[in-house]
Q: 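Structure incoming, see below.
For the numbers below, each heavy atom of this structure counts, side chains included, while hydrogens, waters and symmetry mates do not.
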Amino acid sequence: NEHENLAARFNRSEAALADSRTATLGRIAELESANARLAASVDANVSFLSAVSHEIRTPLSAIVSAARIIQHYHDKKPEVVGRFGDTIATEGRRLVRLVSDLLDLTRIEAKSLDWAAGIVRPHELAEQAVRRIERLAAERGVTIVVDSSESLPVLRGDEKRLVQVIEFLLENAVKFSPADGKVELSAVEHDGMLRITVRDDGDGIPAKDCEQIFEKSFALSEKHAESWGRHSATLLGLPLCREIIRHHGGRIWASSCDNGGAMFCFEVPLLRGSAADLAAVKLANGGE
């Protein structure tokens, strides 16, 4: 009996040791996998920061060069002031946009961005975005056609951020369109969602890029520059747009039009039923 008891205890110990060995090996595998993911994340962040640094240097270099030209030639050639002053303003706006988009993306990923939550009229979103882009459209000779109804149901969200998305899509559409081109903006109700569509008559989007253009890694890649060239969208604008729309419980996508040009769409939920009625009453009374 004593021998059998010792054998049983030994078997139990051996089984426990085997289980412990298996658990240890499993934990080691998990740690190795986590370490590999961490290393990949570090490499991705290094590449991302390197790309951002390069993009920041580009407008900074242009600004410095233009300023030096103005310093040296403003007396002998006064016309350089206007010409290179425009360069400074243009590249300065580009730099501000890049830094702003980068900060917003970083805050969203860190879950530290402050979001507003008010009642929003879809028609007013379209109006605000168009007002902000009218000057650029006029300078480029591009016509903006708006199809939006004041009777659309309201939604709850961050009005400033939603306008930011539409403005960005309109800005790119205007830049991609040829002189005397047309950009169409529509806001419609579709299956309980607000669908915003921005369509241009430019060169369109390579089919292989339609799914990737909202990725931050793609926006700063060499492949992006090769595919889009001078028609490249503002670097981090599309990834930022996607995060804003995701926050509102929606989705955003892009496609090329059959007759040329590109189309960007996003959908966000509308308020329905009693919630929409209550929101309408609050809006009518000037409150949220």
Side-chain angles (χ1 to χ4, degrees), residues 45 47-71 80-116 125-140 142 144 158-177 183 185 198 200 202 213-221 224-225 228-247 252 264 266:
N45 284 333
S47 298
F48 175 71
L49 291 175
S50 176
V52 169
S53 298
H54 173 75
E55 293 301 326
I56 289 177
R57 283 197 302 269
T58 300
L60 279 177
S61 297
I63 290 171
V64 171
S65 296
R68 285 176 176 171
I69 290 174
I70 292 175
Q71 284 180 325
V80 304
V81 175
R83 177 184 172 186
F84 290 96
D86 288 342
T87 298
I88 292 174
T90 299
E91 296 300 327
R93 287 193 295 268
R94 177 183 171 188
L95 183 60
V96 169
R97 168 66 68 81
L98 177 60
V99 173
S100 177
D101 289 348
L102 177 60
L103 289 175
D104 283 344
L105 267 178
T106 302
R107 289 172 182 148
I108 290 175
E109 291 173 352
K111 302 185 184 306
S112 63
L113 184 69
D114 293 329
W115 297 92
L125 293 177
E127 286 186 337
Q128 290 184 55
V130 170
R131 282 198 299 269
R132 295 182 182 185
I133 212 69
E134 281 178 336
R135 180 177 178 182
L136 176 64
E139 290 174 351
R140 293 176 173 265
V142 175
I144 299 178
D158 190 323
E159 181 175 356
K160 175 184 174 183
R161 295 296 179 183
L162 290 172
V163 170
Q164 180 181 354
V165 173
I166 302 173
E167 178 188 1
F168 177 80
L169 297 180
L170 283 174
E171 180 181 350
N172 276 335
V174 169
K175 289 179 178 179
F176 295 170
S177 296
V183 170
L185 168 64
V198 176
D200 64 64
I213 56 178
F214 298 99
E215 298 292 338
K216 185 174 68 174
S217 57
F218 179 75
L220 294 171
S221 67
H224 176 273
W228 290 62
R230 66 183 180 86
H231 289 297
S232 175
T234 302
L235 287 169
L236 299 176
L238 289 176
L240 178 58
C241 286
R242 182 179 65 173
E243 295 304 320
I244 293 173
I245 298 304
R246 280 180 172 176
H247 172 81
I252 186 170
F264 284 83
F266 72 81

Q: With D158, which residues qualify under side chain to side chain donor-acceptor pair (under 3.5 Å), at least two apart?
A: none
Q: So does D86 get a backbone contact from the side chain of T90, meaning a donor-acceptor N/O pair under 3.5 Å?
A: yes
Q: Name all residues meeting the salt bridge (Lys or Arg N to Asp or Glu O under 4.0 Å) criterion together with E159; count only those two or more places apart in sequence or in a different chain, and write none if there are none.
A: none
Q: Check T87 against A62 and note the closest heavy-atom contact, atom names and distance.
A: CG2-O, 4.3 Å
Q: Find the distance between CZ (F176) and CZ (R140) and round it off to the nearest 0.5 Å.
A: 10.0 Å
Q: If every non-hydrogen atom of V198 is compared with every non-hydrogen atom of A173, which pair is closest and at what distance?
A: CG1-CB, 3.7 Å
Q: Considering only heavy atoms from C-beta outward, does the side chain of F264 approach that of N172 to under 4.5 Å?
A: no
Q: In sequence, state the C-alpha distance, the side-chain angles, and the governing distance for L169 and L238, and then conclude on side chain to side chain contact (heavy atoms under 4.5 Å, CB included).
A: CA-CA 8 Å; L169 297 180; L238 289 176; 4.1 Å; yes
Q: For residues 131-138, tabulate all N or O donor-acceptor pairs below 3.5 Å that involve a side-chain atom, not counting sequence neighbours.
A:
residue : atom : partner : partner atom : Å
R132    : NH1  : E167    : OE1          : 3.2
R135    : NE   : E139    : OE2          : 3.4

Q: Hey, could you give me the CD/CD1 distance between E171 and I166, rounded to the nearest 0.5 Å?
A: 14.0 Å
Q: To the nearest 0.5 Å, how far apart are OG in S100 and CG in L105?
A: 10.0 Å
Q: Who are the side-chain contact (heavy atoms from CB on, under 4.5 Å) partners of T58, not counting sequence neighbours?
A: H54, R94
Q: Say you draw a straight line from CG of L185 to CD of E127; how long is it, rounded to the nearest 0.5 Å?
A: 10.5 Å
Q: If the condition is side chain to side chain donor-acceptor pair (under 3.5 Å), which residues does R161 pass it with, not counting sequence neighbours?
A: D104, Q164
Q: When rounded to the nearest 0.5 angstrom, what distance separates CH2 in W115 from CD1 in I244?
A: 5.0 Å
Q: Ignoring hydrogens, what is the shortest heavy-atom contact between S177 and D200? Give both atom names and the distance.
A: OG-CB, 3.4 Å
Q: Would you name the heavy atoms of I245 and I252 that are closest together and state the gap between them?
A: CG2-N, 4.3 Å
Q: Can you see which heavy atom on A66 is nearest to which on F84, and at what distance?
A: CB-O, 3.6 Å
Q: Can you name the closest pair of heavy atoms from L95 and P59 and give their distance?
A: CD1-CG, 3.9 Å
Q: With sequence neighbours left out, write down each residue that passes side-chain contact (heavy atoms from CB on, under 4.5 Å) with V64, or none if nothing qualifies.
A: R68
